[in-house]
Amino acid sequence: MISLNNIMLIRGSQILLRHVSLVIHKGYRTGVIGRNGCGKTSLFRALSGDIALEEGEIEMPNGLRRSSMAQETPGSCRSALDFVLDAHVDFRRLEESIKQAEKGGKNLLLADLFGKLEEIDGYDITHRAERLLSGLGFAVDEFDRPVSNFSGGWRVRLNLAASLMCPSDLLMLDEPTNHLDLEATIWLEQWLQGYQGTILLISHDRAFLDSVINNVISFDSGGLDCYKGNYSSYEKQRAEKMALQQALYVKQQRRKSEIQDFVRRFSAKATKAKQAQSRLKELHRMEDIAPAHVDSPFRFQFPQLDEPSSYLMQMDSLSIGFDKPLVEKIELNVRSESRFGLLGFNGSGKSTLLKILSGQMQQLDGDIIRSKKLKIGYFAQHQVDELDQQATPIELIQKEEGYASEQQIRDYLGGFDFRGTRVSEAIKNFSGGEKARLALAKVAWQKPNLLLLDEPTNHLDLEMCHALTVALQSYQGAMVVVSHDRHLLVNTVDEFYSIHKGVFAEFKGDLKDYEKWLSTQTFSDFDAQGKAAEMASAIAPPKLDKKEKRQQAANRRKKLAPLSKQERRLEAEIEKIQSKLTKIESSLGDDSMYLEANKNDLNALIQEQGALKSKLVSSEEEWLEVQEEIANYS
């Protein structure tokens, strides 16, 4: 049990925590959440003993073994494998003692040392370190490379591997998924699920949090609030708490209505039943949790597009890579309604493809045909690093095309939580998260009709990730997204494509299917062409003559006719129910409805709302079944 007793934590002139007391019980898996700059990392440093408290004390059990993830890794000539093994201090100490005992011929001491080595499973330690490195995306031939040869992102992965290697009763991880791809994130999630100690976890990845934690500690106005359950459970509890405040309740109803509008628009154009089912389920969940975010400082939208264009880009037999091809024969059409998610291991070519589509790199072979109306908005980490550090946020936007007054730019930047004097400060003074927000603001201001997003949620806090997801839902253009954030993907992407061992193919399942595939295939060595075909179910049909094609088309129309009729009936029914629900939400947002004289009317409205929601779920499930039958004839 870890006790925080009346603690006060101050950094600079900011009071982060004021007279806070709480208990973290043994075995708890706790997500520590709050906006950027609220003090999450400082709390971790206080728990590690790296910084002092202004008041109060932190009590920990005697002998508690702590492990935390370092934020910096200086260059070193140590190999990656040795760097990770060094984190197991007891093993290294025993290893050195054994060497000295062998030199001195001290057989009795050697026997004792070998016994201690067995107690810590020392004979398996190197293999465990190799598994950690493999799980986090390192190739076997990289195990012996010096740490100094790795880039910053890969050194962060080495820090993570070292923290997992270190024996611990308390594991503190600060944004461990920031430099991971989706595959490594899922591997880490599974590793943490098997961890036996107490976990404190800071992360902006809500799907990751939901899978790992069973408690939440939330920073709130200089205090810490505790909640039972995972992150989704926290959102619901917080929404209920906030709904007691009438002003916030009105905002909640407005946001729920916006989500319902999006569900209706999505339902009208969904074409893939399996993915549509997954998407609708998540959208309904967003409708439930939206009220927990009505006090967010972030509120922005991608501007309306001036000239919609149905055709944007076509790739024919595209080959990408550097000295030699990473991926060949990429065939893909991007239309105005396209929302693609790219799946694949780190280094498979996802980011390279986005760079080529954005025009920052040249393809090795093949053609990219671009529409004259194409306007690309490209976001990647290097875009953040390339911001003019001397410029201010206002100057950054003023340099972009299109006239706007200073007040219009201030209003726009306010949606990204740059307000007051902050809009006139030099970008060099901003944090990594603030710079990422500015880079996104710059991309959105350009009014792109095709967004190319490479890990857009890195360095963003949970509130900004939520705001970005909401903004992308209502975005009118096309998107190609690379992200390890499953919540973002499942709420904004309609189709998935995988890159595996040089093969680009459509992945026809949803993210749950992809996770299942990963759990069986992550480290196997199999034929790329065969597996890619299996993943995509891309078996080419035999060629037919014109008469057979006409007969097949006639049979298909005959079978589709009653299904199409049923589809139209259900869509009309769903629209009617949603229209009624919107009216009820509007009535519930009226303050007068909560007067004592209107109590009976209020109860009747709430009962009608519940009945309509049940009917809506039933109709949508029936609609999805019809969609699946229609898809079978496609």
Side-chain angles (χ1 to χ4, degrees), residues 2 29 41 44-51 60-61 63-100 113-114 116-180 184-185 187-203 212 346 523:
I2 301 166
R29 300 160 168 271
T41 299
F44 270 32
R45 295 187 66 198
L47 288 165
S48 298
D50 295 333
I51 59 174
M60 294 190 179
L64 182 78
R65 299 175 301 171
R66 291 172 291 188
S67 178
S68 58
M69 182 179 161
Q71 298 301 304
E72 300 290 335
T73 310
S76 165
C77 59
R78 299 286 286 170
S79 72
L81 182 59
D82 280 334
F83 177 84
V84 174
L85 286 169
D86 290 345
H88 201 306
V89 177
D90 291 342
F91 169 70
R92 285 305 199 198
R93 191 180 294 122
L94 276 171
E95 190 180 45
E96 182 60 31
S97 297
I98 288 170
K99 284 180 183 177
Q100 296 302 321
L113 291 172
F114 283 129
K116 289 179 179 177
L117 190 64
E118 192 167 350
E119 285 175 14
I120 63 168
D121 293 326
Y123 297 107
D124 188 46
I125 279 179
T126 300
H127 182 53
R128 279 169 21 219
E130 289 173 342
R131 286 206 308 268
L132 287 173
L133 288 169
S134 293
L136 293 173
F138 291 86
V140 174
D141 59 7
E142 293 177 317
F143 292 176
D144 293 326
R145 277 179 56 189
V147 171
S148 56
N149 283 10
F150 290 98
S151 65
W154 285 97
R155 291 189 194 183
V156 172
R157 293 193 189 209
L158 286 173
N159 285 341
L160 175 56
S163 68
L164 303 182
M165 190 75 235
C166 178
S168 62
D169 306 304
L170 170 63
L171 180 60
M172 294 184 287
L173 299 179
D174 188 347
E175 296 289 5
T177 65
N178 253 4
H179 292 276
L180 302 186
T185 298
W187 177 89
L188 176 61
E189 186 177 284
Q190 293 167 349
W191 192 95
L192 291 175
Q193 286 167 352
Y195 178 73
Q196 297 300 307
T198 303
I199 295 175
L200 288 176
L201 176 63
I202 298 171
S203 177
V212 174
N346 194 75
F523 304 118

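In this structure, N178 and V156 have side chains that are not in contact, with every pair of non-hydrogen atoms separated by 4.5 Å or more. Within the 4.5 Å cutoff, the side chain of L173 has heavy atoms near those of the L192 side chain.
The two residues V147 and S79 make their nearest non-hydrogen contact at CG2-O, 4.1 Å. The two residues I51 and A46 make their nearest non-hydrogen contact at CG1-N, 3.6 Å. The minimum heavy-atom distance between N149 and R145, with the atom names listed, is O-NH2, 2.8 Å. In terms of heavy atoms, N159 sits closest to F83 at OD1-CZ, 3.5 Å. Residues G137 and R157 share a closest heavy-atom pair of CA-NH1, 3.9 Å. Taking every heavy atom of both residues into account, S48 and S68 meet most closely at OG-OG, 4.0 Å.
Remark: the backbone N or O of Q193 is paired with a side-chain donor or acceptor of R29 at under 3.5 angstrom. Between the side chain of R66 and the main chain of L47, a donor-acceptor pair closer than 3.5 Å is present. Remark: side-chain polar atoms of S163 are not paired, donor with acceptor, to backbone N or O of S67 under 3.5 angstrom. Within the 3.5 Å criterion, the main-chain N or O of R65 finds a donor-acceptor partner in the side chain of D169. T177 places no side-chain N or O within donor-acceptor distance of the main-chain N or O of L180, the cut-off being under 3.5 Å. The backbone N or O of T41 sits nowhere less than 3.5 Å from a side-chain atom of D174 that would complete a donor-acceptor pair. For the pair R155 (side chain) and F150 (backbone), a donor-acceptor distance under 3.5 Å is present. Listed for the R128 side chain is a donor-acceptor partner under 3.5 Å among the backbone atoms of D121.
For Q100, the CD atom counts as densely surrounded, since its 6.0 Å shell holds more than 12 non-hydrogen atoms of other residues, nucleotides or ligands.
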Set out, in order, the CA-CA distance, both residues' side-chain angles and the distance that settles side-chain contact (heavy atoms from CB on, under 4.5 Å) for I125 and I120, then state yes or no. CA-CA 9 Å; I125 279 179; I120 63 168; 4.3 Å; yes
Criterion side-chain contact (heavy atoms from CB on, under 4.5 Å) on F91 and L117, from CA distance to verdict: CA-CA 7 Å; F91 169 70; L117 190 64; 3.8 Å; yes
Let me see the working for L201 and V212 under side-chain contact (heavy atoms from CB on, under 4.5 Å), right down to the final yes or no. CA-CA 9 Å; L201 176 63; V212 174; 4.1 Å; yes
Worked check of side-chain contact (heavy atoms from CB on, under 4.5 Å) between E142 and L133: CA-CA 9 Å; E142 293 177 317; L133 288 169; over 6 Å; no
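Between the CG atom in D86 and the CD atom in E95 there is a gap of 9.0 Å [rounded to 0.5 Å]. For the atom pair CG (L160) and CE (M69), the distance works out to 5.0 Å, reported to the nearest 0.5 Å. Residue L136 holds its CG atom at 6.5 Å from CG of L188, rounded to the nearest 0.5 Å. Between the NE2 atom in H127 and the CG atom in L132 there is a gap of 10.5 Å [rounded to 0.5 Å]. Taken to the nearest 0.5 Å, the CG atom of N346 stands 11.5 Å off from the NE2 atom of H179. The structure places OH of Y195 at 9.5 Å from CG of L164, a figure rounded to the nearest 0.5 Å.
Of the residues W154, W187, F143, the one that meets the ring pair (Phe, Tyr, Trp, His ring centres under 6.0 Å) test with F138 is W154.
A donor-acceptor contact closer than 3.5 angstrom is absent between the side chains of R92 and H88.
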